[in-house]
Number of protein chains: 2
Amino acid sequence: MLALSAMPDTVSDSPRNVFALPLPPRRDEISEPITEQLVQAMPSVYSAREDLFLEGDESSHILEVVEGVICAYRLLPDGHRHVVSFYFPGDLIGYCSPSTQTFSAQALTKVRVRRIPRHLLNQLIETRPQFARRLLKLAADELTMTREHMLCLAAKSAEARMAVFLLALARRNRETGADPTRVDLAMTRVDIGDYLGLTIETVSRTFSKLKRAGIIALPRTTTVLIRDAAALHEMAQG
Amino acid sequence: MLALSAMPDTVSDSPRNVFALPLPPRRDEISEPITEQLVQAMPSVYSAREDLFLEGDESSHILEVVEGVICAYRLLPDGHRHVVSFYFPGDLIGYCSPSTQTFSAQALTKVRVRRIPRHLLNQLIETRPQFARRLLKLAADELTMTREHMLCLAAKSAEARMAVFLLALARRNRETGADPTRVDLAMTRVDIGDYLGLTIETVSRTFSKLKRAGIIALPRTTTVLIRDAAALHEMAQG
DNA sequence: GCCATCCCGTTACAAATCGTTACACACCGT
DNA sequence: ACGGTGTGTAACGATTTGTAACGGGATGGC
């Protein structure tokens, strides 16, 4: 269990890829249990498609994803849904939204989360300056990733967005020691579409196109096998 | 001159509009001179279209905009340019990118900026926990605004994006005490297009359409008079 | 076990939006 | 006046979306 005193004095600055992938960075450094105080005896459990919280809810706790995938989303008055981000095990949610949730959060799979009271977080900021710098680093990383995603939405074609998305999931696998050529999609086509600013049909068509081109295989609708990562990278550029 | 000791213990949480506008929030609270140390005797001056720094540059200082408008942008390998954000007087730039700039910054007008050494910022974080919380709040606000812009790019039409953009500029005017019905554009059509993920022609067409509809007037290409804010708001929704 | 139903994904075709191309005009400084 | 830059307008075309129909797997009742 990582004690705060074990944290290094300087914030590590990982080399930043200009075309880094848009999903939020893993949070292992900070999300490991910090003190017994912070950790619930039993993580909360949610089942698939259950909402963890809604936009506008008071956020007295931040969440650490222990198991499963969470979808952060917002509903627009015209009925559209926009998916802000996906959160995976190790990620922290809501550590920089002071009083009120700025988006809703829904479990895509069975999910286990630890709930960390915000006042403890604030207390740590007060007493441990290095902790504050850690949080700032997390916020900076999330901002960078969000900007990356924004660039994707502003400047890239449907094909390129899908390629970036798949490569991001593959990279996460690689970083967690899983097979980077096999991506299991916890999210539906609707979720992907709402995340990438595309319709479900375009998402589906693009999957089919990639399959026909031999770049991916789709043994099941929820499983993507990356056959030609180089072609995907090429596609992710334009 | 604001001393740190004058800062309140609690971070103020302004009520957050679900459909807040995408430009970054004003930073007056924190950007006012904190100590004599932090403030250059003479702010640096840049002329229009001059780069303040480039993506990848080492960021030993953060910048406070004193006068003028700054455009944060990134160049893509395919030649496209993406405008990340616009920064106005009172805004801080680069306070949460530890070592390396994640975007380039260009002056759109004559610009004056104060350069605040990063090591002083870090020192303040170590010694003043409330300062750290302030910075976290700034980062959270910028993240929220970036997400707002992202939603705009993902889910809104060209018309709606333009409406949101104009309303954001108008709101900034209102907050600074200027006339909210008169917007002076420091940026060109290209800048706007690269910010909203549209081409210059679409930007131009949409301006013309709004003018024909009597929603705005364009006495000059750089001056927008908002005639029907309600219609703009309506347009910004869908 | 069997069948009906529902949800999700896929595909095809028509429609719309937006990008591309091309050209003309306005403004500005030389 | 001239050229350059920035902008406005129009015709055309490509990408993406909307609509609709079909298929397939999962669920649930009988």
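Just so we're on the same page: letters track the sequence lines, and every chain starts at 1. Please read all numbers here as calculations on a predicted model, not as lab measurements.
Within 4.0 Å of B:T188, counting heavy atoms only, lie sugar-phosphate atoms of the nucleic acid but no base atom. B:S204 comes within 4.0 angstrom of a nucleotide base, judged by non-hydrogen atoms across all strands.
Look at A:E142 and A:K137 and you find no salt bridge, because none of the NZ, NE, NH1 or NH2 atoms lies under 4.0 Å from a carboxylate O. Between A:E201 and A:R205 there is no salt bridge, since none of the side-chain N atoms of the basic residue sits less than 4.0 Å from a carboxylate O of the acidic one. Note on A:R174 versus A:D179: no salt bridge recorded, every NZ/NE/NH1/NH2 to OD/OE distance being 4.0 Å or above.
First and last contacts of DNA chain D with chain A, using any nucleotide atom under 4.0 Å from a protein heavy atom and ordered 5' to 3', fall at D:dT16 to D:dT19.
Between the side chains of A:E64 and A:Y95, no donor-acceptor pair is found at a separation under 3.5 Å. Of the N and O atoms on the side chains of A:T144 and A:R147, not one donor lies less than 3.5 Å from an acceptor on the other residue.
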Each nucleotide of nucleotides 13-30 of chain C classed B (base within 4.0 Å of a protein heavy atom), S (only sugar-phosphate) or -, in 5' to 3' order, makes B----SBBB---------

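Side chain of A:R112 to backbone of A:G68: no donor-acceptor contact under 3.5 angstrom is found. Proximity of a side-chain donor or acceptor of A:S204 to a complementary backbone N or O of A:I200 within less than 3.5 Å is not detected.
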Start with the C-alpha distance between B:Y195 and B:H82, add both sets of side-chain angles, then the distance that settles ring pair (Phe, Tyr, Trp, His ring centres under 6.0 Å), and finish with yes or no. CA-CA 6 Å; B:Y195 180 61; B:H82 170 65; 7.8 Å; no

